[in-house]
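Here it is: the structure, laid out below.
What's counted below: heavy atoms across the whole structure, side chains too, no hydrogens, waters or symmetry copies. Numbering of ligands and ligand atoms starts at 1, following listing order.
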Amino acid sequence: MENLLEQIKGYKEEIAATQQNGAAALETFRIRFLGTKGIVKTLFAEMKNVPAEEKKAFGAILNEFKQFAEDKYEQWKAGLESTEVESGTAFDYTLPGDPAPMGSRHPISLVKNDIIAIFRRLGFSVAEGPEIEDDFHNFTALNLPEHHPARDMQDTFYLHQNPDWLLRTHTSNVQVREMEKGKLPIRVICPGRVYRNETISARAHCFFHQVEGLYIDEHVSFADLKQTLYFFVQELFGNNIRIRFRPSYFPFTEPSAEMDISCLLCHGKGCNVCKHTGWVEILGCGMVHPQVLENCGIDSNKYTGFAFGMGIERIAMLKYQINDLRLFSENDIRFLQQFTGSF
Ligand code: 2NL
């Protein structure tokens with residue numbers, strides 16, 4: 001006890017003699033006396049060693065010492081602040097803050113979100129799946145068995161570890177996985193990144209983005225397909241848009257078609273974008289091939305369905321008049337900043 005009182009006396013003298021010079025010294029002072037491992041805390045911890053009859057008196061002395069150290073600290077701090085104000089070096093809290101620069105969404109995301117919002121209103125839900133896929137879900141289930149010539153047009157990248165694994169060439173793998181779940185009806189759209197083994201140019205890349213859609217129920221017809229896709233392009237491009245279907249071939253649909261829209265730039269008069277035809281291709285579609293349904297465990301005598309697929313880049317290029325596919329993945333800030341403010 002005597003010893004402790006001696007110590008406190010010494011510390012009081014030290015505090016009284018401390019020069020109030022600068023913010024760094026103030027912080028050192030705070031840590032030494034008032035910090036979580038500081039002298040005040042340490043002295044309070046000594047309470048447990050003080051005899052019971054002396055605790056009250058010692059507690060009073062300690063509290064008084066603590067107050068003494070705190071008063072010194074507050075006084076010092078106030079002095080520092082007033083000299084900062086007088087000398088004009090104080091921080092002016094009334095100034096407006098530095099603006100945080102607003103980023104912008106990538107045009108692929110903008111178009112993707114637009115497409116999703118339209119199909120959501122038609123009762124489609126969104127599904128996602130793996131970009132690394134096995135041969136069955138990317139090709140075989142979709143009526144593209146090994147050695148099928150249509151595989152040539154979708155050459156992709158295979159994994160060294162397991163040549164059965166590849167980078168998916170379309171998001172149809174996600175729809176195959178939905179069908180395998182066996183819950184019908186199915187009304188789903190699948191956005192995502194897909195891969196092709198292509199030489200990179202203004203019109204081709206080794207990856208791009210797709211939205212595919214699938215609707216399976218009893219009595220789904222080609223008329224449902226046409227009306228759904230007509231509604232879709234009217235929502236995306238406006239009510240004046242016209243459409244036409246051209247017969248086509250996909251291994252996973254029968255019959256198959258490509259859908260064109262009237263050219264947005266020349267409204268059908270003929271220009272460079274539509275190569276003077278008045279029409280621009282925007283998606284592929286068709287009735288799901290019965291073999292595909294069966295491959296995925298669905299009774300093709302009971303159920304029918306339609307499917308479609310579109311490239312997001314292609315639609316973004318039309319919408320924003322972008323003429324080179326590579327701009328989407330070069331991360332040139334001058335390109336990306338043009339989409340500021342859009343959601
Ligand atoms: C295109 C054409 C298409 C499909 C995708 C599909 C998916 C399943 C079953 C049947 Cl699970 N079909 N998808 C159908 C027709 C065309 O895409 O040019 N895409 C960029």
request  = Take Arg120 and Ile116 through the side-chain contact (heavy atoms from CB on, under 4.5 Å) test and state the conclusion after the steps.
outcome  = CA-CA 6 Å; Arg120 267 197 199 285; Ile116 289 174; 3.8 Å; yes

ask   = For residues 259-270, which residue pairs qualify under side chain to side chain donor-acceptor pair (under 3.5 Å), counting only residues two or more places apart or in two chains?
value =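 Listed by first then second residue: Arg244-Asp260, Arg246-Asp260.
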
ask   = Does ligand 1 have any atom that is closer than 4.0 Å to a heavy atom of His170?
value = no

task = Just jot down the ligand 1 atoms closer than 4.0 angstrom to any heavy atom of Gln210, in number order.
result = 19 (N), 20 (C)

Ligand 1 atoms in contact with Gln175 (distance to a heavy atom under 4.0 Å) =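 Atoms satisfying the 4.0 Å criterion: 7 (C), 11 (Cl).
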
ask   = Considering only heavy atoms of Leu142, which atoms of ligand 1 have at least one such atom less than 4.0 Å away?
value =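 Per the distance check, 8 (C), 9 (C), 11 (Cl).
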
Min N/O separation Glu212 to ligand 1 under 3.5 Å =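 Yes.
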
task = Return yes if a side-chain donor-acceptor contact under 3.5 Å exists between Asp71 and Gln67, otherwise no.
result =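 Asp71 vs Gln67: donor-acceptor pair found between side chains.
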
inquiry  = Heavy atoms only, cut-off 4.0 Å: how does Met179 contact ligand 1, side chain, backbone, both, or neither?
reply    = side chain

message = Return the closest protein heavy atom for atom 6 (C) of ligand 1 as residue, atom name and distance.
response = Ala307 CB, 3.4 Å

Polar side chain donor-acceptor pair, Glu133 to Asn138, under 3.5 angstrom =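 Side-chain D/A pair, Glu133 to Asn138: absent.
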
query = Considering only heavy atoms, does Cys285 approach ligand 1 within less than 4.0 Å through its side chain, its backbone, both, or neither?
reply = backbone

request  = Would you please classify the geometry between the Phe119 ring and the Phe308 ring as parallel, tilted or perpendicular, with 30° and 60° separating the classes?
outcome  =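 Rings of Phe308 and Phe119: parallel, under 30°.
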
query = Among Phe306, Phe250, Phe208, Phe252, which residue places a heavy atom closest to atom 14 (C) of ligand 1?
reply = Phe252

request  = May I ask you to identify the nearest protein heavy atom to atom 3 (C) of ligand 1, giving residue, atom name and distance to one decimal place in Å?
outcome  =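 The protein heavy atom lying closest is Gly309 N, 3.5 Å.
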
query = Is the closest side-chain donor-acceptor distance between Ser300 and Glu294 under 3.5 Å?
reply = yes

inquiry  = Per the salt bridge (Lys or Arg N to Asp or Glu O under 4.0 Å) rule, what does the pair list look like for residues 313-322, sequence neighbours excluded?
reply    = Asp114-Lys319

